[in-house]
Amino acid sequence: MVTAMAAAAAALWIAPYAWMVLTSLKTLPEIVQRPTALLPEHFDVGAYREVVESIPVARYMATTIAMAVLIATLQIALALPAGYALAKLRFVGKKTAFGLVLACLLVPAQVTFVPVFLMLAKVGLVNTMAALVLPFAVSALGIFLVRQALVSVPDEIIEAARLDGASEATIIYRILAPHLMPTLVSLFLVSFVFHYNDYFWPLVMTTDDTVRTLPLGVALLREQGTGVRWHIVMAANVILSVPVLALFALAQKQLVRAVGGR
Amino acid sequence: MKPRARWHPWAMLGPSLALLVVFFVVPVVLAAYQSLFAWDMLTPPEAVGADNYRALMARGELWRIVGRTLGFSAMVVVGAMSLGLALAILLNRRGRFFAFVRGAVFSAYVVSWVAVALLWTWMLDPDGGIVAALFRGVGLPRVGFLTDTRFVLPALAAVTVWKITGYAMIVFLSGLQSVPPQLLEAAALDGAGPFARFRYVTWPLLRPTAAFVATTSLIVSFQAFDVVRIMTQGGPANATTLFVYAIYEQVFLNLSVGKASALTVVFFVVLFALATAQLRAWRARGSGAS
Amino acid sequence: MLRRDLLRALAASIATSAALPACRRTRRTNGRTLVTLWFAYGGKNREVLLDLVRRFNASQSRVTVEATYQGDYFEALAKLRTAIAADAAPTFSHVVGEVVPYLARANVLEPLDAYDGARALPLVRALAQSGSYVGGAEQPLVAIPFNRSTPIMYLNGDVVARELGGKIPQTWTELESAAVQLTRRDGDVRWGFEVPISWWFWVAMVGQAGGRVVADDGTPTLGGAAGEKALRFWQKLVHEARVMRPPPGRDYNAWQATNQDFLAGRAAIVWTSTAFLRYLEENARFPVVAAPLPGDVKRSVPTGGTFFVVLRAAPSEEKQGAWEFLRWMCDADQTIDWATRTGYLPVSEPAIAKLDGNGWYAAHPNDRVAYAQLADADPWPWAPTLFRIQRDVIEPKLEEAILRNRDPHAVLDEARAEALAR
């Protein structure tokens with residue numbers, strides 16, 4: 001009974017991914033004439049060849065992975081001390097600082113892009129990796145989550161470490177961080193996926209191939225003017241999804257194994 | 001705890017706050033300022049005072065946008081939480097099969113919207129789609145899920161729920177696995193059935209996790225953009241023009257930065273109020289874990 | 001009072017900084033002038049464009065054109081405006097026709113009349129600025145046609161031959177009866193007619209019913225009685241006769257859905273763009289028949305697609321380089337290359353003559369039909385606010401009328417009021 005339901009769930013959720021892969025192995029006339037046919041007539045990898053020939057996949061992918069890793073890492077590196085300060089230390093202005101963090105949770109990129117673009121253009125940073133990474137180096141969500149997680153960690157650990165002469169940096173990064181593994185791993189995963197798949201920000205911040213990301217490259221393969229070549233678009237999306245799925249496979253073990261409080 | 005040095009908290013928060021101010025606060029404040037102008041970025045801005053807000057409210061469009069977004073958000077939050085929890089409970093078992101199923105559910109979260117939109121547009125096709133076939137099977141009338149203004153928003157909500165459930169499931173799984181098994185065993189020995197065990201043992205411990213999922217789902221659904229951009233482009237007849245998409249439309253399609261800024265200000269205020277209210281509600285009912 | 005003065009002062013300072021001409025230096029590479037082109041195509045069009053750019057760069061040694069993709073039409077336009085505001089604009093780009101008057105009035109486009117050979121470009125009048133806009137020839141020349149198209153009717157050749165005896169509908173009434181005849185409701189559902197519920201096709205029908213969307217003085221009349229007649233026709237087909245299927249989505253998504261349905265045999269007759277001709281012919285398993293849109297009181301089609309525009313803010317050497325590229329693109333050989341490989345209409349008269357001469361049109365009758373329909377092309381008004389009311393006001397109202405079956409008179413009255421309020 002449980003197995004049946006689980007299998008049904010798997011089928012329902014994996015359907016688009018499977019369909020994406022199957023479509024990428026068909027030819028265009030097949031796809032448009034019989035869109036509901038499940039399997040391809042022959043397994044044709046022509047679409048993949050076209051993708052690789054049309055856009056510099058390796059380069060875009062390297063840029064995208066680098067950008068997403070940088071962002072996720074910076075976010076964690078900055079969220080840990082900030083969350084620690086907000087959770088554990090007493091100081092004037094703490095409430096305001098926390099309020100500021102909360103307020104920033106709610107601001108999406110579509111809102112900020114015009115002023116940020118103008119700002120970055122003034123300092124000549126448009127079309128650079130900095131423009132892609134800096135605006136997201138801080139994750140208000142990350143700070144919030146780290147703070148929540150740290151609040152339930154007993155103060156004694158910190159006091160003991162202080163007595164041992166550990167510096168605050170050691171306490172934050174070496175002693176407390178391991179306690180927060182599930183939080184940090186989920187944060188990394190969510191952040192990586194979001195920024196890796198992000199189309200909007202790299203679109204508005206890059207004007208040529210220097211630091212273009214793969215989602216943009218994939219969008220490049222669509223056309224509004226003369227009819228979509230679905231097999232190529234799907235092949236590109238399959239290629240796009242590989243790093244993320246790989247990351248998830250890795251993270252799943254971490255997430256599921258680690259026993260942690262939230 | 002007392003900081004070891006007065007400057008410590010500021011050193012720890014400094015870089016984060018600085019970046020947040022530059023990349024979030026300043027743009028929002030600028031938006032508030034720009035909302036008082038009509039500007040298309042090509043010609044000098046023209047001061048119009050509260051005209052942008054008035055124009056938005058005059059035809060009731062602003063309230064409709066707020067209403068739609070709230071409705072959409074409510075559906076997504078409730079849907080993602082229930083489905084995420086249900087799946088987490090169902091799939092919280094050992095073995096490669098279940099690991100595979102978990103991966104399958106999560107794959108929807110990471111697959112691109114283009115593929116999702118395509119598949120769902122076909123599945124929701126009123127003539128040839130699977131859902132239509134089901135409807136016919138139980139005698140329901142033909143429904144244009146993506147062309148009928150009454151059904152399109154729930155349809156988008158359903159697709160969004162389906163996509164983000166994987167994430168909710170993963171988070172709930174973490175929460176479920178931090179429930180000490182001894183408590184559950186003790187409850188079982190006391191004669192509690194599975195439902196009672198869940199209600200009295202698991203759920204109270206899961207509350208902070210649920211609050212977290214609810215808050216992040218609220219924020220994510222309120223900021224929903226890609227699903228609209230790819231599936232319905234705000235239509236039909238603006239039935240799916242959600243807040244962020246409305247802002248995007250004003251900037252990209254109508255070239256009105258002033259109106260977009262006015263929408264931004266309202267969006268920000270509403271979401272802030274909502275998020276605070278929700279957090280407070282959960283904290284009041286919760287066991288003080290936050 | 002004081003606050004208002006303050007606001008005005010601030011606005012003025014922003015204005016001054018926005019209006020300062022860019023003192024950008026000419027970019028050079030390898031001793032050649034570097035000219036940047038921002039374009040908005042993906043897929044096949046992009047490949048053809050990049051190929052042409054390569055050939056231009058190789059054919060001379062003064063100018064290098066660097067073409068980069070910037071998203072779709074709307075995204076590219078938004079980026080263009082942001083870049084202009086930030087003094088980081090490219091040399092030239094291309095924009096949809098409806099936006100050209102707006103950009104011209106904002107004074108960001110370079111007038112091209114004085115450039116070498118501008119007056120003498122042998123462009124197809126209906127596709128060039130002079131013929132595409134009412135009074136277009138009197139405005140400074142700011143737009144050179146690039147990918148131009150019109151709506152057109154495609155029919156499933158097999159179905160028409162079998163069930164209509166090969167008779168192609170020429171009027172609205174004939175279209176309606178053809179659609180009724182071709183609709184199958186049981187088993188393999190097939191719709192007689194499908195068209196995206198979109199501004200472009202509605203404008204075509206308004207013209208066919210004898211109306212005009214914008215009056216000469218610029219007021220949006222939205223076609224008056226003709227506008228309502230057009231809406232009623234669609235409503236009848238969708239809700240009463242139930243032979244027309246409105247596709248889901250907007251803009252290019254709706255267009256793709258229409259193409260899909262046509263190719264899969266689920267719609268027998270569709271209206272869409274001439275730009276899809278190649279795609280449909282190559283991917284259909286039945287013969288595709290192109291026909292001009294049926295007429296009512298008369299025949300009429302609007303034009304669509306984009307024009308090249310050069311940005312005023314660029315340094316003059318770069319603008320000169322861009323002009324050389326544009327002139328090269330309008331030569332017969334390049335026009336033919338672009339048009340035949342992508343399916344857009346050829347924009348220069350010598351190109352048409354060549355294609356006729358070497359038998360290409362004889363071998364591609366559908367393309368001939370597309371070109372012949374230009375005789376009925378109606379110009380757009382040179383109205384800076386046109387594109388705004390099109391998207392913000394008209395499009396949602398059309399959807400309301402058709403999808404929610406509201407009274408056309410009421411809907412258009414509301415739309416007119418909204419359009420005037422802008």
Side-chain angles (χ1 to χ4, degrees), chain A residues 2 5-6 9-10 13-17 19-20 35-36 78 81-82 84-85 88-91 97 100-101 103-108 110-112 114-116 134-135 137-138 140 143 148 151-152 155 158 168 182 186 190 193 197 233-234 237 240-241 244-245 248 252 255-256 259-262, chain B residues 1-4 8-9 12-13 15-17 19-20 23-28 30-31 87 90-91 98-108 110-112 114-116 119 122 128 166 170-171 173-175 177-178 208-209 212 219 223 225 244 247-248 251 257 264 268 271-272 275 289-290:
Chain A
V2 165
M5 294 206 306
W13 264 272
I14 209 175
Y17 196 80
W19 196 69
M20 190 167 85
T36 60
L78 288 176
Y84 172 75
K88 292 297 179 195
L89 300 181
R90 273 197 328 266
F91 58 97
L100 183 67
V101 169
C104 293
L105 263 179
L106 315 171
V107 182
Q110 287 76 9
V111 161
T112 62
V114 172
V116 172
L134 272 183
V138 173
I143 299 180
Q148 300 299 90
V151 157
S152 44
D155 288 0
I158 305 173
E168 295 289 86
S186 351
V190 167
V193 170
N197 279 331
V233 173
M234 291 304 160
N237 277 306
L240 178 66
S241 67
V244 180
L245 286 175
F248 171 67
Q252 219 201 109
L255 276 176
V256 168
V259 174
R262 182 164 266 107
Chain B
M1 295 171 56
K2 268 196 80 175
R4 269 152 150 194
H8 271 184
M12 294 171 191
L13 276 167
S16 298
L17 289 181
L19 284 168
L20 282 178
F23 290 108
F24 289 92
V25 177
V26 167
V28 171
L30 268 176
L87 283 172
L90 178 70
L91 301 177
F98 288 100
F100 170 73
V101 179
R102 286 194 298 266
V105 175
F106 193 75
S107 76
V110 307
V111 83
S112 94
V114 176
V116 171
L119 182 73
W122 167 59
I170 293 289
V171 174
L173 264 174
S174 284
Q177 294 186 345
S178 60
T209 312
F212 166 62
I219 293 174
Q223 295 182 2
F225 173 72
V244 178
I247 296 174
Y248 165 82
V251 177
V257 176
T264 303
F268 186 73
L271 188 53
F272 189 73
S290 46

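No hydrogens, no waters, no symmetry mates; every other heavy atom, side chains included, goes into these values. In the text below, chain A, chain B and the rest are named by the order of the sequence lines, each starting its count at 1.
One distance of note links CD of Gln148(A) with OG1 of Thr209(B); it measures 11.5 Å at 0.5 Å rounding. The line from CD of Glu168(A) to CZ of Arg4(B) is 4.5 Å long, rounded to the nearest 0.5 Å.
The choice from Ala140(A), Pro135(A), Ala85(A) that makes the most heavy-atom pairs within less than 4.5 Å of chain B is Pro135(A). When each of Ile219(B), Ile247(B), Leu20(B) is scored by its heavy-atom pairs under 4.5 Å with chain A, the top score falls to Leu20(B). Ranked by non-hydrogen atom pairs under 4.5 Å with chain B, the options Val244(A), Val2(A), Val193(A) are led by Val2(A). For chain B, the option among Ser241(A), Ala137(A), Ala6(A), Ala97(A) with the highest count of heavy-atom pairs below 4.5 Å is Ala6(A). Chosen from Leu240(A), Val190(A), Val101(A), the residue pairing most often with chain B at heavy-atom distances under 4.5 Å is Val190(A).
At a 4.5 Å heavy-atom cutoff, the contact between Val26(B) and chain A is made by side-chain atoms alone. Only the side chain of Ile143(A) has a heavy atom closer than 4.5 Å to any heavy atom of chain B. Only the side chain of Leu30(B) has a heavy atom closer than 4.5 Å to any heavy atom of chain A. At a 4.5 Å heavy-atom cutoff, the contact between Val105(B) and chain A is made by backbone and side-chain atoms alike.
Using a 4.5 Å heavy-atom threshold, the side chains of Thr112(A) and Phe23(B) count as separate.
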